[in-house]
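Just so it is clear: chains get the letters A, B, ... in the order the sequence lines come, proteins before strands, and each one is counted from 1.
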Protein chains: 2
Amino acid sequence: MTTIEWNQEQALALKLFVVMTRSLESVKRNVEHDIRSHGLNPTEFAVIELLYNKGDQPVQKIGEKVLIASSSITYVVDKLEKRGYTQRKPCPNDRRITFVSITEEGRSFMDEIFPSHVEAIESIMEGLDSEEKEQAIDLLKKLGKSTKL
Amino acid sequence: MTTIEWNQEQALALKLFVVMTRSLESVKRNVEHDIRSHGLNPTEFAVIELLYNKGDQPVQKIGEKVLIASSSITYVVDKLEKRGYTQRKPCPNDRRITFVSITEEGRSFMDEIFPSHVEAIESIMEGLDSEEKEQAIDLLKKLGKSTKL
DNA sequence: TTGATTTATCTCTAATTTGAGATAATAGTA
DNA sequence: TACTATTATCTCAAATTAGAGATAAATCAA
């Protein structure tokens with residue numbers, strides 16, 4: 001055990017960090033539960049959702065948006081491909097680039113599960129009313145924008 | 001590409017989820033950067049910080065508080081032990097239990113780095129003033145409490 | 001006391017993720 | 001053109017994490 005005094009602002013910053021972490025852990029646990037009920041893990045879902053909602057993407061773009069390393073994208077896309085949900089398409093202009101594209105099978109899978117996924121998120125966020133959600137969005141956006149890395 | 005209409009509340013819930021995720025990603029990236037500068041990964045730091053601030057803990061308690069599986073705790077504690085930062089102590093009353101305890105070496109390491117870690121978090125959270133931090137804390141607490149899992 | 005159940009930790013395997021190169025293609029410049 | 005630097009993806013090894021049992025100890029009820 002250690003007793004060290006922090007100033008007010010440090011205590012507040014630490015508390016915010018802990019609360020953000022715990023709160024998002026809870027939310028993610030609930031969202032993940034919904035996703036796994038559809039037979040995907042969160043990363044697989046994030047990738048296929050990106051392709052479903054934003055169209056074909058080069059491997060690297062996927063990595064940037066889902067925030068995982070390109071070597072992991074290769075792994076995840078391989079798994080989605082084995083299920084028949086995605087396919088790779090070479091870029092005609094730049095042969096270094098491989099697009100990843102959702103298949104018809106992947107699309108109809110998402111057509112089937114995505115609406116209930118959105119409902120699940122709506123329900124998970126029910127603890128805040130509309131105004132509170134907007135406040136939280138504004139505060140978190142402001143915080144996110146202010147960070148260095 | 002798909003065009004589906006969501007109602008207002010669903011759109012807000014989705015946006016909040018995305019903003020929470022992104023914002024905490026940014027914050028964590030910055031916090032992690034500080035932690036790694038001290039030669040630890042975030043999980044190792046979480047465990048040693050728990051022992052430093054809350055005293056000896058049974059393996060399972062560590063898992064509950066840091067939210068990782070007990071098998072992973074074994075792995076992390078093994079690594080901290082190899083560095084000389086922690087040691088295991090059998091529980092005298094209940095021989096099923098093993099306490100993990102911070103060593104003198106671990107304590108003086110934390111004495112050295114913890115103040116600058118707190119300053120780093122204060123600096124990372126500077127984007128919000130005190131009042132905004134308190135608002136964010138209240139909203140996120142409320143959201144976290146309302147979740148099922 | 002015995003037997004069944006629960007609890008705590010650990011072992012082992014599999015899944016996931018990262019990071020360091022390897023490879024191949026493109027772009028820029030002399 | 002030839003050389004260098006950059007870019008995009010992939011391969012491979014290592015680190016991390018979770019999950020399924022194994023083991024040992026404690027608890028509870030008959």
Contacts of [X] that satisfy salt bridge (Lys or Arg N to Asp or Glu O under 4.0 Å) - sequence neighbours left out:
X	answer
D129(B)	none
K79(A)	E44(A)
E134(B)	none

Are any of R95(B)'s side-chain N or O atoms less than 4.0 Å away from OP1 or OP2 of dA24(D)?
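No.
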
Would S130(B) and E9(A) count as having a side-chain donor-acceptor pair, cut-off 3.5 Å?
yes

Show the atom names and distances, to 0.1 Å, of all donor-acceptor pairs under 3.5 Å that link a side chain in residues 114-124 of chain B to residues at least two apart or in another chain.
residue : atom : partner : partner atom : Å
S116(B) : OG   : I113(B) : O            : 3.2
H117(B) : ND1  : D34(B)  : OD2          : 2.9
E122(B) : OE1  : Q10(A)  : NE2          : 3.2

Base, backbone or nothing for each nucleotide of nucleotides 1-6 of chain D, written B, S, -, heavy atoms under 4.0 angstrom, 5' to 3'?
------

Sorted by chain and number, sequence neighbours left out, ring-ring contact (aromatic ring centres under 6.0 Å, His included) with F17(B) holds for none

Can you pull the contact range of chain B along DNA chain C, 5' to 3', using atoms under 4.0 angstrom from its heavy atoms?
dT7(C) to dT11(C)

Inter- and intrachain pairs under salt bridge (Lys or Arg N to Asp or Glu O under 4.0 Å), touching residues 93-102 of chain A, at least two apart:
D94(A)-R96(A)

Nucleic acid contacts - residues 20-41 of chain B versus DNA chain D, non-hydrogen atoms under 4.0 Å:
N41(B)

For DNA chain D, determine which residues of residues 62-87 of chain A have any heavy atom closer than 4.0 angstrom to one of its atoms, and list them numerically.
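Residues of residues 62-87 of chain A that come under 4.0 Å of DNA chain D are, in numerical order, S70(A), S71(A), T74(A).
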
Residues sharing F99(B)'s hydrophobic cluster, by side-chain heavy-atom contacts under 4.5 Å among ILVMFWY, directly or via others?
I97(B)

Which residue, R88(A) or P92(B), contacts DNA chain D at a nucleotide closer to its 5' end, judged by nearest heavy atom?
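Nearest-nucleotide comparison on DNA chain D picks R88(A).
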
Would you give me the side-chain donor-acceptor pairs under 3.5 Å for residues 137-147 of chain B, sequence neighbours excluded?
residue : atom : partner : partner atom : Å
K142(B) : NZ   : E132(A) : OE1          : 3.2
K142(B) : NZ   : E132(A) : OE2          : 2.7
S146(B) : OG   : L143(B) : O            : 2.7
T147(B) : OG1  : G144(B) : O            : 2.8

